[in-house]
Amino acid sequence: MNLIRLFTFVFLLLYVNNLYSQSKDTKEIVAETSKLKKALDTKDESAEADSYYNIGETYFNNGNFPKSEEYFIKSKGIYEKLNDKKNLEKVTRKLAQSQENQNKLKSAASNYEKASNIGYSKSKRVLNANDASRLSSPVVENKAEAIQNNIDISRKENENADLAASYSQMAEVNIEQKNIPKAEENFTNAYKISKDNAPQQALAINQKLTDFYVENKDFDKAIKAKKEVLKEDFVKDNSQKKVEQIQELADIYIKKNDPKEAIVLLKNAYDIALNKGHTLEAQKSVKRLDSLYAISQNTDASVQLYRDFLGKLPDLVSKDRSLVDNKILEDTEQRISQLEQEKKLKDELIRKKNIFNYSLIGALILLIGLIIFIFRTLKKVQIKNKKIALQSLRREMNPHFIFNSLNSVNHFIATNNELEANQYLTKFSKLMRGVMENSTEDFIPFQQELDLLQNYLALEKTRFADKFDYEIEVDESLNTQSLKVPGMLIQPFLENAIWHGLRYRTEKGFLSLKFEKNNDSLNIFIEDNGIGIEESKKQKTEHQKTRKGRGMKNTLERIALLNDLYKKDISCTVKDSENGVFVKITMNF
């Protein structure tokens, strides 16, 4: 026992310091780890899944099924996310095979079924469905039928790995059926198919065959089968596998109760292990030899063996490439774990950053929406206020006009001119009714406006019959029914012309009102030959000068509100002319 402890100490001491070249499998895994890092850095999920699959397949081919299962699961998860059915079918089948090799039959059957349901390839769909049925069915005949179907498919598709596995499975069913010759035949077929392209599979099948012979006490056939393996190139060229197979052969001799031949074989295995640097295999040979020496009570041989082993151990460990491979694989596993952890951290940071960004964007959108809502609300309030103001201005009549009209009625009554008074009141009421009827609308038909202006001028003509004549001209190209204009917008200009210009003439004056079409606009011309603007200002009394007139101010406010609300681009110019005052009003249709 002390010798074993010493061996273990030296083994661990030298394990860490070994830096020899890597095996083929180790190189493949290290290379795939580099690809995996690149895939993670570039966020190439397809390449990431491929790397996991390739690592898993390397472990699978090397017989490390727990590790292969781990990486196939990672690969499968990504392929599912990408909805890559071709690769998903492939990795799900491999995962099922890994689980079956670990005797996880329920999980394996479930994954075979999933692979079948993916159904990317017709032949693989049937193949996977048969495997699922094989593992799930308790009836031996059903298992045999499913396996035979797979043998036919694999032979047709030239899938040697699946064909060899199916023959091996059929052999196990033959054993359940106690059909020994058929089981032997199927194991042999499986071995022959796999030995050229899948050495690890061939070794596993050969082991099943020899175990089958040993269980049936047919040690000679077991020995013959194992010796045939030792002749294969994939064993002769691989010293570690050669040592393992010699040890397996020695175990058969031990079970046959032939310890002498077993000792010879184990010494041979020990010598090869020492020479080629296989520490663990050398240790196994030593332990088995020690057990055989203990049975024969050959203590001296056992002590000599351990002394020899401990003396050669430092040199043995220095040659052992597998120790380096194991350390490299361990470091690689840690590196992969670190890369995955880094990816999780990056993804978490990105997730938190995205949440912050989306929250910020959401807050900004909400703020902008609130600002737009407030702006629109204010705009609506402003428009509403402007419309109210416009309506209020529309309803206003020049107090001069109403006051003077009532004075005129009073004058007609006082002079017993009832007919004139009645006619005047009729015209006045008609005008007031028209104004009130249209007071709710910002725009009225041009014809209605024309009627109101004619009514107004007729009233003023009745009052100042000896002061002026008037004329209204309308462009014939104007559509007086469809065209709409602001109601009573022109009246204050006519009132100014009469009351501040024509009224003060000593001779009868003239008032002209014209409507002309100019492309997409309406031009309105008002011209009188009254006393003019400047002269009118001079003739105002002190009382009139202190009073602020509302008529023109009201009109200008209306024009500003109409332009703001309806974009009519109404413009107005008032100026003295050679004979009086000239007014031009322009508005868009």
Side-chain angles (χ1 to χ4, degrees), residues 396-405 407-408 411 424 427-428 431 434-435 446-476 478 480 485-518 521-541 544-545 547-559 570-587:
E396 286 189 24
M397 287 290 290
N398 193 317
H400 282 119
F401 171 69
I402 298 173
F403 178 76
N404 290 328
S405 295
N407 277 341
S408 296
H411 172 71
Y424 190 89
K427 292 178 182 178
F428 180 73
L431 176 63
V435 171
F446 177 74
Q447 186 60 54
Q448 289 186 25
E449 173 69 358
L450 194 59
D451 292 342
L452 289 172
L453 294 176
Q454 286 175 337
N455 198 3
Y456 169 73
L457 288 174
L459 278 173
E460 294 291 36
K461 174 65 176 171
T462 301
R463 293 168 62 189
F464 303 109
D466 59 339
K467 290 296 182 181
F468 74 96
D469 289 322
Y470 67 88
E471 179 184 51
I472 300 176
E473 295 182 25
V474 180
D475 193 333
E476 292 181 357
L478 286 170
T480 58
V485 295
M488 294 294 282
L489 184 69
I490 303 166
Q491 185 270 336
F493 296 99
L494 297 176
E495 185 176 345
N496 275 355
I498 295 168
W499 279 80
H500 300 294
L502 296 171
R503 189 172 65 134
Y504 295 106
R505 280 180 61 89
T506 54
E507 298 177 0
K508 182 178 282 190
F510 185 78
L511 176 62
S512 173
L513 174 61
K514 293 181 181 180
F515 296 92
E516 290 184 359
K517 181 181 179 182
N518 181 21
S521 63
L522 174 65
N523 291 334
I524 304 168
F525 302 103
I526 304 169
E527 190 170 7
D528 69 77
N529 59 355
I531 63 174
I533 297 173
E534 294 302 323
E535 186 61 31
S536 175
K537 288 180 180 179
K538 292 177 183 179
Q539 292 190 15
K540 282 186 178 181
T541 64
Q544 288 174 331
K545 289 179 181 179
R547 289 177 66 250
K548 294 182 180 179
R550 283 289 303 161
M552 286 309 299
K553 184 178 180 183
N554 178 315
T555 302
L556 294 174
E557 287 178 3
R558 280 188 68 194
I559 290 172
I570 302 173
S571 63
C572 169
T573 57
V574 181
K575 62 181 180 180
D576 279 326
S577 65
E578 292 181 3
N579 299 319
V581 177
F582 176 78
V583 178
K584 180 180 179 182
I585 301 172
T586 303
M587 67 181 73

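- What you find for I559 and I570 is that their closest heavy atoms are CG2-O, 3.6 Å.
- If you take CD on E476 and CD on E516, they are separated by 12.0 Å, rounding to the nearest 0.5 Å.
- For the side chain to side chain donor-acceptor pair (under 3.5 Å) test, residues two or more places apart in sequence or in another chain that qualify with N523 are T586.
- At a threshold of 4.5 Å between non-hydrogen side-chain atoms, the residues L452 and Q491 do not count as touching.
- For Q447, the side chain to side chain donor-acceptor pair (under 3.5 Å) partners at least two apart in sequence or on another chain are D451, T480.
- Counting heavy atoms from C-beta on, the side chains of T555 and C572 never come closer than 4.5 Å.
- Counting heavy atoms from C-beta on, the side chains of I490 and V583 never come closer than 4.5 Å.
- Rounded to the nearest 0.5 Å, atoms CG (N455) and CG (L450) are 11.5 Å apart.
- With contacts defined as side-chain heavy-atom distances shorter than 4.5 Å, the pair I585/F493 qualifies.
- One distance of note links CG of L511 with CZ of F464; it measures 13.0 Å at 0.5 Å rounding.
- Looking at M587 and L489, their side chains come closer than 4.5 Å, going by heavy atoms from C-beta outward.
- Of the possible polar contacts, one joining the D475 side chain to the K517 backbone as a donor-acceptor pair under 3.5 Å is found.
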task = Report the C-alpha separation of F468 and R505 in whole Å, then their side-chain angles, then the decisive distance to 0.1 Å, and conclude whether the side-chain contact (heavy atoms from CB on, under 4.5 Å) test is met.
result = CA-CA 9 Å; F468 74 96; R505 280 180 61 89; over 6 Å; no

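- The two residues R558 and P486 have their closest heavy-atom pair at NH2-CB, 3.9 Å.
- Note that CG of L502 and CD of E507 are 12.5 Å apart. Values are rounded to the nearest 0.5 Å.
- Distance check: W499 CH2 to Y504 OH gives 8.5 Å after rounding to the nearest 0.5 Å.
- For the pair F582 and K584, the tightest heavy-atom approach, listed with the atom from each and the gap, is CE2-CB, 4.0 Å.
- A heavy-atom distance below 4.5 Å is not found between the side chains of V581 and I531.
- Using a 4.5 Å cut-off on side-chain heavy atoms (C-beta onward), I526 and N496 make no contact.
- Between E535 and D576, every side-chain heavy-atom pair lies at or beyond the 4.5 Å cut-off.
- A donor-acceptor pair under 3.5 Å is formed between the side chain of N529 and the backbone N or O of F510.
- Within the model, atoms CD of Q454 and CG of L513 stand 9.0 Å from one another, a figure rounded to the nearest 0.5 Å.
- Within the structure, side-chain hydrogen bond (donor to acceptor under 3.5 Å, both in side chains) contacts touching residues 465-474 (residues at least two apart or in different chains) are K461-D469.
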